[in-house]
Amino acid sequence: MQLGVIGLGRMGQIVVERCLADGHEVVAFDLDPEAVATAADAGATPAESVADLADRLGDEKRIWLMVPAGDAVDATLDDLDPHLDGEDVVVDGGNSHFEASARRAEATDAAYLDCGTSGGPAGAELGFSLMIGGPEWAYEAMTPVFDAVATGPAGHDRMGASGSGHYVKMVHNGVEYALMQAYGEGFELLHEGRYDLDLEAVARTWNNGAVIRSWLLELCEEAFREEGTDLGDVADHVAGGSTGTWTVQEALEQEIPVPLIYQALSERFGSRAPESGRFSRRLANRLRYGFGRHEVQRD
Ligand SMILES: NC(=O)C1=CN([C@@H]2O[C@H](COP(=O)(O)OP(=O)(O)OC[C@H]3O[C@@H](n4cnc5c(N)ncnc54)[C@H](O)[C@@H]3O)[C@@H](O)[C@H]2O)C=CC1
Ligand SMILES: O=C(CO)[C@H](O)[C@H](O)COP(=O)(O)O
């Protein structure tokens, strides 16, 4: 299949490389010419603009957006819209708000798929987990690409109508916050508690058969191995927070109590006060690098 990819950062380059590796043809565009050159080196056809990318795709265009959520998605769709009709499919693989995705699906002539993407740059080799919302026929049409970008056929599914893919990803991120907070609190107690423990050894032991083993726990093990059992100069400042905020806002609207997710989000906000000093926050800061290659704040 021929696929246009717009947005060639940490995640978009992986979409390009996994599609090329699976035998698909890729046309690539980014505002940053260096990112386009990287995609071209990997085997993609470089495009000079969104319009150029659209021109290089035939009828029944298949386009994947991997730009930052918000204005960049709307700006890209504004440029794409004159080139799209009802036989085309656009996938937004970023972390857009589900209501914005439902609005965009209504507004564009193309079939619009909102695709929550999990696995982060660190999961590039394995492939991603993809949660997709939008028209069934468009999901079917894009399945060869989803097979390539995801871990395989079991790594993606259609969640339901427009918006549902990003809705599921939003809740996924809320769960991610609470899990990070739980590991952070446990390791903080072990770090400050009664025994002089090697936390890498604790994490490694837990990762081998314990009830609480997980990828995030493997990233805890990696963090202690690379930073030391006291996390070295990793600061107690946790960035990010938009998807967790949306999860809490939606839970309030639905009157569903989500105290763990709310608490994890407020811990992030609390970490931004000067000299907050908590170990759990320092581990959360380092884990965001582990799964998302987000910059580690250091003292
Ligand atoms: N990094 C991660 O772990 C994950 C990120 N996401 C989401 O995927 C999306 C992309 O994330 P990253 O690749 O990490 O971001 P990034 O910042 O590494 O890359 C974004 C790319 O989009 C380009 N760009 C920005 N505006 C553009 C425009 N109007 N037209 C063309 N190109 C444009 C930038 O030049 C940059 O190369 C975001 O929505 C993010 O929230 C989703 C899951 C995991
Ligand atoms: O979606 C993700 C992981 O699943 C991305 O890493 C996202 O950037 C996390 O951002 P935040 O910490 O602000 O929620």
Side-chain angles (χ1 to χ4, degrees), residues 4-17 27-39 46-54 63-80 90-98 100-101 104 114-124 126-131 149-150 165-166 168-181 214-216 219 237-248 261 264-265 267-269 271-272 281 284-297:
V5 180
I6 301 176
L8 305 168
R10 287 167 293 196
M11 298 293 285
Q13 294 286 356
I14 296 169
V15 172
V16 169
E17 284 163 21
V27 182
F29 174 69
D30 192 292
L31 291 178
D32 176 0
E34 278 186 31
V36 179
T38 303
E48 288 176 0
S49 63
V50 168
D52 182 37
L53 177 138
I63 300 172
W64 189 301
L65 311 183
M66 211 66 197
V67 300
D71 292 346
V73 179
D74 284 319
T76 307
L77 287 172
D78 284 348
D79 289 347
L80 268 179
V90 176
V91 177
D92 174 11
N95 271 331
S96 296
H97 192 282
F98 68 95
S101 297
R104 289 168 185 145
D114 50 285
C115 172
T117 304
S118 181
L126 195 65
F128 298 136
S129 163
L130 303 175
M131 299 139 254
V149 174
H166 281 149
V168 173
K169 178 58 171 36
M170 173 189 78
V171 175
H172 160 287
N173 281 26
V175 172
E176 179 181 289
Y177 286 35
L179 290 175
M180 288 165 68
Q181 181 63 22
S214 71
W215 188 49
L216 278 173
L219 296 175
H237 180 106
V238 193
S242 58
T243 50
T245 301
W246 298 342
T247 311
V248 170
I261 296 172
L265 176 66
E267 273 294 309
R268 286 198 185 197
F269 294 156
S271 80
R272 294 163 200 181
R281 294 165 176 170
N285 172 8
R286 183 55 174 72
L287 284 176
R288 290 185 76 256
Y289 172 78
F291 62 70
R293 293 295 180 259
H294 302 292
E295 189 181 352
V296 182
Q297 319 273 326

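Both ligands and their constituent atoms are indexed starting at 1 by order of listing.
Shown in contact with Thr243 at under 4.0 Å from a heavy atom are these atoms of ligand 2, numbered in order with element: 14 (O). For ligand 2 and Phe291, the ligand atoms under 4.0 Å from any heavy atom of the residue are 3 (C), 6 (O). Atoms of ligand 2 lying under 4.0 Å from at least one heavy atom of Gly240, given by number and element, are 13 (O). Atoms of ligand 2 found under 4.0 Å from any heavy atom of Tyr177, numbered from 1 in the order shown, are 11 (P), 12 (O), 13 (O), 14 (O). Ligand 2 places these atoms under 4.0 Å from at least one heavy atom of His172: 4 (O). Using a 4.0 Å cut-off to heavy atoms of Arg288, the atoms of ligand 2 that qualify are 10 (O), 11 (P), 12 (O), 13 (O). Residue-ligand proximity, Asn95 to ligand 2, at heavy-atom distances under 4.0 Å covers atoms 1 (O), 2 (C), 5 (C), 7 (C).
Here the side chain of Arg10 pairs a donor or acceptor atom with the backbone of Arg293 at under 3.5 angstrom.
When hydrogens are left out, the protein atom nearest atom 35 (O) of ligand 1 is Asp30 OD1, 2.6 Å; that is the closest non-hydrogen contact. For atom 17 (O) of ligand 1, the closest non-hydrogen atom on the protein side is Arg10 NH2, 3.9 Å. Shortest contact from atom 10 (C) of ligand 1 to any protein heavy atom: Met66 O, 3.5 Å. Given atom 5 (C) of ligand 1, the protein heavy atom at minimum distance is Met11 CG, 3.6 Å. Remark: minimum distance from atom 30 (N) of ligand 1 to any protein heavy atom is reached at Leu31 CG, 3.5 Å. Nearest to atom 13 (O) of ligand 2 among the protein's heavy atoms is Gly241 N, 2.8 Å. Shortest contact from atom 33 (C) of ligand 1 to any protein heavy atom: Val67 CG1, 3.6 Å. The protein heavy-atom contact nearest to atom 5 (C) of ligand 2 is His294 NE2, 3.7 Å. Considering only non-hydrogen protein atoms, atom 19 (O) of ligand 1 sits nearest to Gly9 CA, 3.2 Å.
Proximity of Thr243 to Tyr177: side-chain heavy atoms (C-beta onward) are separated by under 4.5 Å at one or more points.
If you check each of Glu176, Arg268, Lys169 against atom 12 (O) of ligand 2, the one with the closest non-hydrogen atom is Arg268. In this comparison of Leu53, Asn95, Thr38, the heavy atom closest to atom 40 (C) of ligand 1 sits on Asn95. Of the listed options Ser242, Gly116, Pro68, Pro68 places a heavy atom closest to atom 25 (C) of ligand 1.
Counting heavy atoms of neighbouring residues, nucleotides and ligands inside a 6.0 Å radius, atom OH of Tyr289 does not exceed 12 of them.
Contacts between Val50 and ligand 1, counted as non-hydrogen atom pairs separated by less than 4.0 Å, are absent for every part of the residue.
Between Lys169 and ligand 1, no pair of N/O atoms sits closer than 3.5 Å.
Using cut-offs of 30° and 60° for the angle between ring planes, the Trp246 and His97 rings count as perpendicular.
Looking at every heavy atom in both residues, Gln13 comes nearest to Ala35 through NE2-O, 2.9 Å.
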